[in-house]
Amino acid sequence: MKILVAEDDRVILMDIVDMLEELGHETLKAVSGEDALLAFGDGTGIDLVIIDLTMPNMSGAELAAEISRRAPRMPIIICSGSDDIAGSELGKYGRLEKPFAGRGLAAAIHSVTSMGESVPSH
């Protein structure tokens, strides 16, 4: 799968990318919501998006909403080190609590790509 990762902390971003590549996925990296939208475009060629909830300028919630507007069936995982996701409008997205390891990441990917979402094949 080709996965776009949006995370403003470059160390965490590289950790996530390393885990994804170890799991056999191709990655695109973005250090802000704005960069992620540029990389995402209309979603062609991207199978999944992983978004940090707390990023400056454009929050993970705002980014997820815009990606969903552009590509309504795009699977999205929101990552957070807090309970900010619970009870919010973000409940419709996959959730991954930080810190996580490769096994948790793989489980989250499986969950969002097998829950009735059709992963685009490009």
Side-chain angles (χ1 to χ4, degrees):
M1 258 193 270
K2 189 170 191 177
I3 302 174
L4 172 60
V5 182
E7 166 65 66
D8 62 307
D9 183 313
R10 291 176 192 273
V11 172
I12 295 173
L13 175 64
M14 292 313 302
D15 286 345
I16 296 170
V17 165
D18 288 345
M19 283 187 260
L20 289 169
E21 290 176 352
E22 284 179 21
L23 292 168
H25 301 292
E26 184 180 345
T27 59
L28 292 171
K29 301 176 278 292
V31 294
S32 70
E34 296 84 355
D35 288 346
L37 288 176
L38 286 173
F40 186 79
D42 66 0
T44 300
I46 296 175
D47 300 305
L48 171 70
V49 182
I50 298 175
I51 302 171
D52 177 38
L53 181 60
T54 53
M55 293 188 292
N57 301 320
M58 176 182 282
S59 73
E62 293 167 324
L63 175 58
E66 178 58 23
I67 286 174
S68 291
R69 187 189 69 71
R70 293 182 185 190
R73 296 180 57 113
M74 181 62 59
I76 297 173
I77 297 171
I78 302 288
C79 300
S80 176
S82 67
D83 286 335
D84 294 340
I85 299 172
S88 74
E89 74 281 355
L90 296 174
K92 65 183 175 182
Y93 304 116
R95 177 180 176 174
L96 188 57
E97 292 183 31
K98 294 177 183 175
F100 54 84
R103 182 177 294 168
L105 181 58
I109 291 168
H110 176 75
S111 175
V112 300
T113 58
S114 64
M115 57 188 236
E117 290 291 331
S118 172
V119 177
S121 56
H122 301 284

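Note: hydrogens, waters and symmetry copies are ignored here, and every other heavy atom, side chains too, is used.
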- Message: Please check: side-chain N/O of T113 versus main-chain N/O of I109, any donor-acceptor pairing under 3.5 Å?
- Response: yes

- Item | Nearest-0.5 Å distance that lies between atom CG in L105 and atom CD1 in I50 | 5.0 Å

- Excluding sequence neighbours, so at least two apart, what forms salt bridge (charged side-chain N to carboxylate O under 4.0 Å, His left out) with R103? none

- Query: Rounded to the nearest 0.5 Å, how far apart are CG of D42 and CZ of R70?
  - Reply: 8.5 Å

- Run the numbers on F40 and M74 for side-chain contact (heavy atoms from CB on, under 4.5 Å), then give the verdict. CA-CA 11 Å; F40 186 79; M74 181 62 59; 3.7 Å; yes

- Message: Run the side-chain contact (heavy atoms from CB on, under 4.5 Å) test on D9 and D52 for me, step by step, so that the C-alpha distance in whole Å, both residues' side-chain angles and the decisive distance to 0.1 Å come before the verdict.
- Response: CA-CA 9 Å; D9 183 313; D52 177 38; over 6 Å; no

- Rounded to the nearest 0.5 Å, the CD1 atom of I46 sits from the CD atom of E26 at a distance of 10.0 Å

- Item | Note, V5 side chain near L13 side chain (heavy atom, < 4.5 Å) | yes

- Query: L48 and side chain to side chain contact (heavy atoms under 4.5 Å, CB included): which partner among L20, V112, L4?
  - Reply: V112

- Message: Salt bridge or not between D35 and K29? Use side-chain N to carboxylate O under 4.0 Å.
- Response: no

- Can you name the closest pair of heavy atoms from A6 and L63 and give their distance? CB-CD2, 3.7 Å

- Query: About how many Å separate OH of Y93 and CD1 of I76, when rounded to the nearest 0.5 Å?
  - Reply: 5.0 Å

- Drop me the distance from E7's CD to S32's OG, to the nearest 0.5 angstrom. 11.5 Å

- Note on the structure: All heavy atoms of E62 vs all of M58, minimum pair found to be OE1-CA, 3.2 Å

- Query: Taking the side chain from D47 and the backbone from K2, do they hold a donor-acceptor pair closer than 3.5 Å?
  - Reply: yes

- Test side chain to side chain contact (heavy atoms under 4.5 Å, CB included) applied to A106 - qualifying residues, sequence neighbours left out: L23

- List the steps and the verdict of side-chain contact (heavy atoms from CB on, under 4.5 Å) for D8 and V31. CA-CA 4 Å; D8 62 307; V31 294; 5.5 Å; no

- List the steps and the verdict of side-chain contact (heavy atoms from CB on, under 4.5 Å) for I51 and I67. CA-CA 11 Å; I51 302 171; I67 286 174; 4.2 Å; yes

- Of all pairs that satisfy side-chain hydrogen bond (donor to acceptor under 3.5 Å, both in side chains), the ones with a partner from residues 15-25, not counting sequence neighbours: E21-T27

- OG on S111 to CD1 on I77, rounded to 0.5 Å: 7.5 Å

